[in-house]
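Numbering starts at 1 and runs along the sequence shown. Keep in mind that what you see is a predicted model, and the values were worked out from it rather than measured.
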Amino acid sequence: ARIELAKLAYANSSDDECLTRCYELLSVENPEVDKSEVLRLMGRVYERQADHYKAALCFAGMVPTINPDDLSTQAAD
C-alpha cells in the first residue's frame, strides 16, 4: 500500500516525496514490497529530473546511493 503513496506523489509531480517514499520502501526487508516496481518508479522520477545516470541504475535493478541531505537540498531549490 505504501507504494501507492509513492505513485501518487509521482503523479502529482512531487518528485522528492516520491523518492523519499521509495528509499524508505527499499530500506526495510518486506516481502510485500516489489523492489523492481519501486526501482522502475524511481527510474521514472530520475528520468523526469534528467538524471539519466541514476535513472539507468534504477532501470538496471540497482539502487543509486544518495547523500541523505540530497533530498532536503533538492526540496529547497
Side-chain angles (χ1 to χ4, degrees):
R2 289 174 47 193
I3 185 69
E4 298 305 321
L5 293 174
K7 288 179 181 179
L8 184 60
Y10 176 80
N12 289 326
S13 297
S14 299
D15 291 348
D16 292 332
E17 179 184 351
C18 180
L19 289 174
T20 298
R21 291 186 182 280
C22 287
Y23 277 107
E24 287 172 358
L25 285 166
L26 294 173
S27 70
V28 294
E29 285 298 321
N30 184 342
E32 295 178 18
V33 173
D34 181 351
K35 291 187 177 191
S36 62
E37 181 181 11
V38 175
L39 286 168
R40 280 192 305 272
L41 181 58
M42 290 174 69
R44 292 198 310 265
V45 171
Y46 284 125
E47 201 170 47
R48 182 159 64 191
Q49 293 179 341
D51 191 337
H52 303 293
Y53 176 74
K54 286 183 181 174
L57 287 175
C58 291
F59 293 134
M62 295 179 275
V63 180
T65 57
I66 62 161
N67 178 341
D69 295 330
D70 284 352
L71 294 175
S72 59
T73 301
Q74 289 173 359
D77 290 346

Item to complete: Taking N30 for its side chain and E32 for its backbone only, find out whether a donor-acceptor pair lies under 3.5 Å.
Response: yes
(Q) So for atom CD, which belongs to E4, do other residues, nucleotides or ligands contribute more than 12 heavy atoms lying within a distance under 6.0 Å? (A) yes
Sequence neighbours excluded, the answer for side-chain hydrogen bond (donor to acceptor under 3.5 Å, both in side chains) partners of E37 is K7
Contacts of R48 meeting salt bridge (Lys or Arg N to Asp or Glu O under 4.0 Å) (sequence neighbours excluded), chain-then-number -> D15
Residue set satisfying salt bridge (Lys or Arg N to Asp or Glu O under 4.0 Å) with E29, at least two apart, ordered chain then number -> K35
Residue set satisfying side-chain contact (heavy atoms from CB on, under 4.5 Å) with V63, at least two apart, ordered chain then number -> Y23, L26, L39
Those residues at least two apart in sequence (or on a different chain) that pass side-chain hydrogen bond (donor to acceptor under 3.5 Å, both in side chains) with R2 are none
So CG of L5 and SG of C22: to nearest 0.5 Å the spacing works out to 10.5 Å
Taken to the nearest 0.5 Å, the spacing of K54 NZ from F59 CZ works out to 14.5 Å
d(D34 CG, R40 CZ) to nearest 0.5 Å is 6.0 Å
Rounded to the nearest 0.5 Å, the OG atom of S14 sits from the CG atom of L19 at a distance of 11.0 Å
SG (C58) and CG (D51) are apart, to the nearest 0.5 Å, by 9.0 Å
Apart from Y53 itself, its cluster of hydrophobic side chains linked below 4.5 Å comprises L57, M62
Taking every heavy atom of Y10 against every heavy atom of R44, the minimum-distance pair comes out as OH-CB, 3.7 Å
Could you walk me through whether D16 and Q49 pass side-chain contact (heavy atoms from CB on, under 4.5 Å), step by step?
CA-CA 10 Å; D16 292 332; Q49 293 179 341; 4.2 Å; yes
